[in-house]
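If you're wondering where the values come from, they're calculated on a predicted model, not measured in any experiment.
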Amino acid sequence: MGGDSLLGLLPPKPGRSNEQSTCAARIHSFCRLVRREFMELHTDWLYRQITNELTTFKSLHEVAFKAAELCPGLVPTQQQLNLERTRTQANKEGYEIDQGLLFHYLLRSPEVGNHLVESALRPTPRAQELIAQFIRDGYFDLGTVLLERKGYAAHLTINNPHCLNAEDDRLVDDMETAVDLALMDHDVRVAVLRGGVMTHPRYAGQRIFSAGINLKALNAGQISFVDFLLRRELGLINKIFRGLLAEGDEDLLTHCKSSRIVGKPWLAAVDGFAIGGGAQLLLVFDRVIATTNSYFSLPAAQEGIIPGFANLRLHRVVGSRKARQMVLFGSKVSACDPDAKLLVDDVVEPSLMDETIDQRVKQLGSPAVFANRYMLNLAEESPEAFLRYASEFSLMQAERLYSPDVLEKVWS
C-alpha cells in the first residue's frame, strides 16, 4: 500500500490524535526517504523525459506536475494541491515538501539545473501575448502592477494597496509579466520599480515600496511553493538580475533585437519601507534611491522562513556581520543610518524623489551600461553559486513552511 493510501486511512490533519499525527509523520518520513533514493538515481532521466531530451523548455509549474504524471507518488498532483489550497497552512498535509525535494535534486545536477534555470529565464506566455499591445500603447495595467513607458524608461508601479504591497501569488505573476514586457520592448533602456499610493488607513495617500510576503495569505494557505517562492527567485528576480534568455526565440528576437541575453539596468525607488521580500529585491538593482523617512528589514528568521536569496547576496553588499544582524536578528536599517550607505545609493527628501529618479534614469541610459552591469553581475554571482544555493533553498524553504514553529506563528 502506498503512502497516500496509508494517509487516507487517517482522519484529515486537524482531526488527528497525537498517535495518528505521529503515524502520519512516520509515513511521510519513510516515503521521502524512498523519494530521495529515487532522485539520487534518476534525476537526469526524469528531467530528460519531462523536456524531451532537453529540447523543450518547461516552466517550473509544468516540471512539477509533469513529474507527478510520469512518476506517481513522487510529487503531489494538481488535484492534491488544489485540495491543499482549500486548507489553512497549519492544516495542510505538507505535500509541497516533496516538490522542494524534487527541485533540490534537479537544481543540484549541473546539466539539468542550468537547463531549468534557463527555462525560467524565458518570457512567460502571458507576456508574449501582451508585448505587441504594450509596444503599441506604452501602458498596461496588469492588476497589481502598473506598467508605463516614459521616454526610454519603463516604470513599474506595485499597486497592491490594501496590504501595503505585500507579495502573494498574484503579485509575483503580475510582476514577472511586467518585468518581461519591460525587457522585451526594444524602446526601453532603463526600468524603474516603485511602490504605489496606499489605501490602507494607516498610510492612506502615501507611497509604500513593499511589506514583503503577505503573511495573511500564508496563514490562509494561499502562498504557493512553486508558483510563488521558487518562481519569484528563479523567474522574476533572476530576470531582473540576469535578463531574459532570447536564444532560439525568433519572436523575442524580433521584439528585442538581441542574440541571447536581453538585460537592462534597473532602478528602485523606495518610499516608506522595504520589508522582507521588498528588501531582497533591492539586492539585484543597479541603483537604489530611498526617501529620508524610509527603512529596510529582513524579518524572515523571526517569521521562521528563509529570506529568499538574500543569504546569497546580502553579505556582498553590507558585509558578513551586518548581514547576520539583519537576517538572524531582524535589525532594521533606517535610510539615514550610516549603514544604509551600503544598501542605498541616494537618500533624498520625499519631495525630491521624482527629480532624482529622472536624473538617475538618464545616467543609466548609456549604451555601455548593459555590458558593464552584465559583467559585474557575472563576477559577483556565478551561475554555479546560484545553482548551489537554489538547490539547498528549494528543500530547506519547503521544509520551513511546514515546520512547527512556523505553523504556530501563522496559526496565531
Side-chain angles (χ1 to χ4, degrees), residues 35 38-82 96 98-132 169 172-173 176-177 179-181 183-184 224-263 383-384 386-387 390-391 393-394:
R35 292 181 185 111
F38 177 87
M39 292 301 297
E40 288 282 358
L41 295 172
H42 302 298
T43 293
D44 287 11
W45 169 85
L46 176 60
Y47 190 75
R48 285 180 172 276
Q49 291 296 306
I50 293 171
T51 60
N52 193 22
E53 297 296 328
L54 307 182
T55 62
T56 61
F57 293 96
K58 301 291 186 181
S59 69
L60 300 171
H61 183 95
E62 290 170 329
V63 168
F65 293 111
K66 187 63 176 178
E69 177 186 325
L70 289 171
C71 302
L74 180 65
V75 285
T77 64
Q78 183 72 71
Q79 183 179 4
Q80 285 176 308
L81 286 191
N82 287 345
E96 288 178 311
D98 302 317
Q99 291 183 320
L101 188 63
L102 170 72
F103 283 101
H104 167 71
Y105 280 97
L106 294 179
L107 291 162
R108 197 176 72 165
S109 168
E111 182 179 45
V112 167
N114 280 313
H115 190 274
L116 185 61
V117 169
E118 288 190 354
S119 299
L121 287 177
R122 302 180 81 82
T124 64
R126 185 184 179 197
Q128 290 175 316
E129 291 177 5
L130 298 177
I131 183 60
D169 286 22
V172 166
D173 183 57
E176 184 174 4
T177 302
V179 167
D180 284 352
L181 294 174
L183 291 172
M184 292 168 74
S224 165
F225 172 70
V226 170
D227 293 327
F228 178 93
L229 291 165
L230 272 191
R231 179 181 176 183
R232 181 178 181 274
E233 302 299 339
L234 273 64
L236 164 61
I237 297 179
N238 207 29
K239 285 175 178 178
I240 293 173
F241 188 68
R242 287 186 166 83
L244 284 181
L245 182 67
E247 189 175 50
D249 190 328
E250 293 303 321
D251 290 336
L252 182 54
L253 293 176
T254 298
H255 293 308
C256 304
K257 301 179 181 179
S258 169
S259 60
R260 180 172 170 80
I261 296 292
V262 182
E384 293 78 16
F386 180 84
L387 272 181
S391 172
F393 171 83
S394 297

| Partners passing side chain to side chain donor-acceptor pair (under 3.5 Å) against Thr51 (at least two apart in sequence or in another chain) | none

| Taking atom types as modelled and ignoring hydrogens, do the side chains of Glu118 and Asn114 form a donor-acceptor contact shorter than 3.5 angstrom? | no

Ignoring hydrogens, what is the shortest heavy-atom contact between [X] and [Y]? Give both atom names and the distance.
{"X": "Ala68", "Y": "Val75", "result": "N-CG2, 3.4 Å"}
{"X": "Leu244", "Y": "Pro123", "result": "CD2-N, 4.0 Å"}
{"X": "Asp44", "Y": "Ser109", "result": "OD1-OG, 2.9 Å"}
{"X": "Asp180", "Y": "Ala127", "result": "CB-CB, 3.4 Å"}

What is the distance from atom [atom1] of [X] to atom [atom2] of [Y], rounded to the nearest 0.5 Å?
{"X": "Phe57", "Y": "Leu116", "atom1": "CZ", "atom2": "CG", "value": "11.0 Å"}
{"X": "Phe225", "Y": "Ser394", "atom1": "CZ", "atom2": "OG", "value": "5.0 Å"}
{"X": "Thr77", "Y": "Asn82", "atom1": "OG1", "atom2": "CG", "value": "8.0 Å"}
{"X": "Leu74", "Y": "Leu101", "atom1": "CG", "atom2": "CG", "value": "7.5 Å"}
{"X": "Leu234", "Y": "Glu176", "atom1": "CG", "atom2": "CD", "value": "10.0 Å"}
{"X": "Thr56", "Y": "His115", "atom1": "OG1", "atom2": "NE2", "value": "6.5 Å"}

Taking the side chain as every heavy atom from C-beta outward, state whether [X] and [Y] have any atom pair closer than 4.5 Å.
{"X": "Ile261", "Y": "Leu245", "result": "yes"}
{"X": "Asn238", "Y": "Glu233", "result": "no"}
{"X": "Arg126", "Y": "Asp173", "result": "yes"}
{"X": "Tyr105", "Y": "Leu46", "result": "no"}
{"X": "Phe38", "Y": "Cys71", "result": "yes"}
{"X": "Gln99", "Y": "Phe65", "result": "yes"}
{"X": "Leu102", "Y": "Met39", "result": "yes"}
{"X": "Glu96", "Y": "Pro76", "result": "no"}

| task | Name all pairs fulfilling the salt bridge (Lys or Arg N to Asp or Glu O under 4.0 Å) condition that reach into residues 61-79, sequence neighbours left out, sorted by first residue then second. | result | Lys66-Glu69

| task | Identify whether the distance between the nearest side-chain nitrogen and carboxylate oxygen of Arg231 and Asp169 falls below 4.0 Å. | result | no

| task | Please determine if Glu40 and Arg108 form a salt bridge, counting it only when a charged side-chain N lies under 4.0 Å from a carboxylate O. | result | yes

| request: Could you tell me whether a side-chain N or O of Arg35 sits under 3.5 Å from a main-chain N or O of Gly73, the two making a donor and an acceptor? | output: yes

| task | Ignoring hydrogens and angles, tell me if any N or O in the side chain of Lys239 forms a donor-acceptor pair with the backbone of Arg122 under 3.5 Å. | result | yes

| request: Tell me, with the steps shown, if Phe103 and Leu60 meet side chain to side chain contact (heavy atoms under 4.5 Å, CB included). | output: CA-CA 9 Å; Phe103 283 101; Leu60 300 171; 3.9 Å; yes

| message | Testing Leu106, Leu107, Val112 one by one against Val117 for a side chain to side chain contact (heavy atoms under 4.5 Å, CB included), which residue passes? | response | Leu107

| message | For His42 and Trp45, take the angle between the two ring planes, folded into 0 to 90°, and tell me which bin it lands in: parallel under 30, tilted 30 to 60, perpendicular over 60. | response | perpendicular

